[in-house]
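First up is the structure itself, then whatever we jot down about it.
Note that these values count all heavy atoms, side chains included, but never hydrogens, waters or copies made by symmetry. A, B, ... follow the sequence lines: proteins, then strands. Residue 1 opens every chain. Note that the structure is a prediction, hence the values are computed from the model and not measured.
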Amino acid sequence: MGYWFEDPTLKALAPLALSSSIRGLTTIFNTPKIYAGFNVIPEGPVIGPTTMDALGPRCPKKKAFLVTDEFNQRYAKKAVQFLESGGFTTEIWANVLREAPLENV
Amino acid sequence: MKYFEPDLIMAVGGGSVMDLSKGAWILYERPDLTDLGMISPLDKLNLRQKAMLVAVPTTAGTGSESTGAAVFHDTAVQRKIPISHDELVPDVAVLSPQFTISMPPELTVGAGLDVLAHAMDAVTTPSANEFTEPLALKAIEMVTQWLPRAYKNGNDREARFRMIIAANIAGIAFGMSGCHLTHSFGHALGAVYEMHHGLCVGFFIPYSFQFCQRVTDNHLAICKALEIAAPTAKEGLNNLVAEVRGFLKALNVPLALKDFGISKKDFENKLPRLVEYSYGDISCYLSPRPITAGQCEMVMKYAYEGQDIDF
């Protein structure tokens with residue numbers, strides 16, 4: 001079995017596709033909506049725009065599945081409190097292993 | 001996930017958690033795909049039919065919250081499997097610095113060096129462009145200024161805030177332009193010796209600069225950003241490499257593989273795998289200077305001894 005990056009065509013195309021020689025054909029600036037700061041997962045009411053603005057309207061079922069590891073469970077719990085304050089039902093799966101083994105996915 | 005049927009998947013953790021969430025998200029949306037290692041950037045995945053992905057990093061390193069990249073570890077063959085796809089860029093990234101405050105100093109350094117390697121590669125790769133270069137240069141400036149502070153005092157809130165931003169903008173930059181040799185060699189080292197990813201890629205920054213300098217003077221942009229004297233391209237490189245080595249040393253990062261406690265015999269036994277994995281890594285193909293398997297072997301040998309690359 002080979003991996004996708006062992007495909008000879010892709011290997012040949014990778015530098016070409018990204019090379020400056022063809023710059024100007026297509027450049028995609030692809031980023032998430034970013035919320036940054038000490039109050040992005042607030043523990044109480046917030047005045048003004050909040051992270052929830054980006055989540056609530058796009059999730060009609062309001063069901064959130066949180067993926068984390070043992071070490072970060074405490075932060076996942078804070079996120080759960082935040083999501084539940086926005087009407088989400090939540091479930092935490094905290095079994096991610098170090099370096100993301102394929103069989104763990 | 002399959003039974004809970006969420007419409008929001010939130011990854012709360014470091015690179016492994018965010019990468020694994022991307023993998024789980026693919027399998028949730030596309031149960032017909034079973035082999036993540038075969039997903040190419042050219043495939044149409046058609047995600048976001050069932051759920052959106054939100055990433056909440058708890059380290060300031062990987063930048064995975066803003067990229068379409070994910071790296072898995074194939075434990076059966078001890079190999080890193082990177083995948084990259086535009087559709088895997090999360091919908092929302094939530095950068096909460098207080099989630100990084102409890103990172104121990106060693107992890108802070110490892111994650112911070114990952115940021116530095118992303119940014120350094122993003123500047124020097126041929127695919128750097130007007131969108132990516134300013135972000136990568138800013139990230140380099142920020143890491144050199146704030147990582148030592150975050151390392152010395154994990155409770156330094158300003159340093160933690162600046163580092164999580166630096167990690168994010170370096171992620172955006174390399175997510176578009178790709179990484180090159182620091183990550184080819186770093187992935188191989190990390191897979192064979194099971195060392196922290198960020199430490200491995202950060203370790204190879206000076207070697208990558210030295211190997212690439214024959215074909216590029218993009219490092220001069222970094223010299224300019226860091227106010228490092230560069231009367232000529234060669235002198236600029238030497239000064240930059242000295243600066244990076246000084247930076248690594250101040251963070252207690254070894255400058256030679258042998259100083260990681262790897263014996264010569266063990267290194268020689270594992271060298272063929274190190275070469276095979278580094279040469280086979282997709283990042284190799286984005287290097288400004290094309291590299292052969294023989295050159296990969298030489299770089300590894302030089303890195304073991306901590307010698308300057310002179311070929």
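In this structure, the portion of B/Val89 lying under 4.5 Å from any heavy atom of chain A is its side chain and not its backbone. When heavy atoms are compared at a cutoff of 4.5 Å, B/Ile26 does not approach chain A at all. The contact between A/Ile28 and chain B is made by backbone and side chain atoms together, counting heavy-atom distances below 4.5 Å. For A/Thr51, the part lying under 4.5 angstrom from a heavy atom of chain B is the side chain only. Looking at A/Lys78, the atoms closer than 4.5 Å to chain B (heavy atoms on both sides) all sit in the side chain, from C-beta outward. Only the side chain of B/Leu135 has a heavy atom closer than 4.5 Å to any heavy atom of chain A. Contacts between B/Leu27 and chain A at a heavy-atom distance below 4.5 Å involve the side chain alone, from C-beta outward. The parts of B/Met1 that come within reach of chain A are both its backbone and its side chain, each placing non-hydrogen atoms under 4.5 angstrom from that chain. Residue B/Leu53 does not touch chain A at all, counting heavy-atom pairs closer than 4.5 Å. For chain A, the nearby part of B/Val56 is the side chain; its heavy atoms alone come within less than 4.5 Å. Neither the backbone nor the side chain of A/Gln73 comes within less than 4.5 Å of any heavy atom of chain B. There is no contact between B/Asp281 and chain A, counting heavy-atom distances below 4.5 Å. With a 4.5 angstrom heavy-atom cutoff, B/Arg160 does not touch chain A via any of its atoms.
Contact record, B/Asp7 with A/Pro60: OD2-N, 3.2 Å, taken as the closest heavy-atom pair. Nearest approach of B/Ser16 to A/Leu97, heavy atoms of both residues: CB-O, 3.9 Å. Of all heavy-atom pairs spanning B/Glu194 and A/Arg98, the tightest one is O-NH2, 3.5 Å. Pairing each heavy atom of B/Val92 with each of A/Ala54, the nearest pair is CG2-CB, 3.9 Å. When all heavy atoms of A/Thr68 and B/Val12 are compared, the closest pair comes out as OG1-O, 2.7 Å. Nearest heavy-atom pair across B/Ser102 and A/Arg74 is OG-NH2, 3.3 Å.
Note: B/Pro97 leads B/Pro97, B/Ser21, B/Gly13, B/Cys284 in heavy-atom pairs under 4.5 Å with chain A. The candidate from B/Pro82, B/Ala76, B/Gly23, B/Gly14 with the greatest count of non-hydrogen atom pairs under 4.5 Å with chain A is B/Pro82. By number of non-hydrogen pairs under 4.5 angstrom with chain B, the leading residue of A/Leu55, A/Val67, A/Val96 is A/Val67. In terms of heavy-atom pairs under 4.5 angstrom with chain A, the leader among B/Ile83, B/Ile164, B/Thr132, B/Asp19 is B/Ile83. Looking only at heavy-atom pairs under 4.5 Å with chain A, the residue among B/His180, B/His196, B/Arg157 that has the most is B/Arg157. Interface summary for chain A: among B/Gly68, B/Gly15, B/Pro41, B/Gly175, the most heavy-atom pairs under 4.5 angstrom belong to B/Pro41.
The local environment of NZ in A/Lys33 is sparse, with at most 12 non-hydrogen atoms from other residues, nucleotides or ligands closer than 6.0 Å. The number of heavy atoms from other shown groups lying within 6.0 Å of NZ (B/Lys138) does not exceed 12. More than 12 heavy atoms of other shown residues, nucleotides or ligands fall within 6.0 angstrom of atom CD in A/Glu103.
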>> Is there a side chain to side chain contact (heavy atoms under 4.5 Å, CB included) between A/Asn104 and B/Phe72? Walk through the geometry before answering.
In response: CA-CA 9 Å; A/Asn104 191 211; B/Phe72 305 102; over 6 Å; no
> Would B/Phe4 and A/Lys63 satisfy side chain to side chain contact (heavy atoms under 4.5 Å, CB included), going step by step from the backbone distance to the final call?
Replying inline: CA-CA 8 Å; B/Phe4 186 64; A/Lys63 290 177 86 173; 4.0 Å; yes
> Taking it one step at a time, do B/Phe131 and A/Thr31 satisfy side chain to side chain contact (heavy atoms under 4.5 Å, CB included)?
Replying inline: CA-CA 12 Å; B/Phe131 290 108; A/Thr31 69; over 6 Å; no
> A/Ile34 and B/Ile172: side chain to side chain contact (heavy atoms under 4.5 Å, CB included), yes or no, with the steps?
Replying inline: CA-CA 11 Å; A/Ile34 299 166; B/Ile172 294 171; 3.9 Å; yes
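In this structure, a donor-acceptor pair under 3.5 Å is absent between the side chains of A/Tyr75 and B/Ser96.
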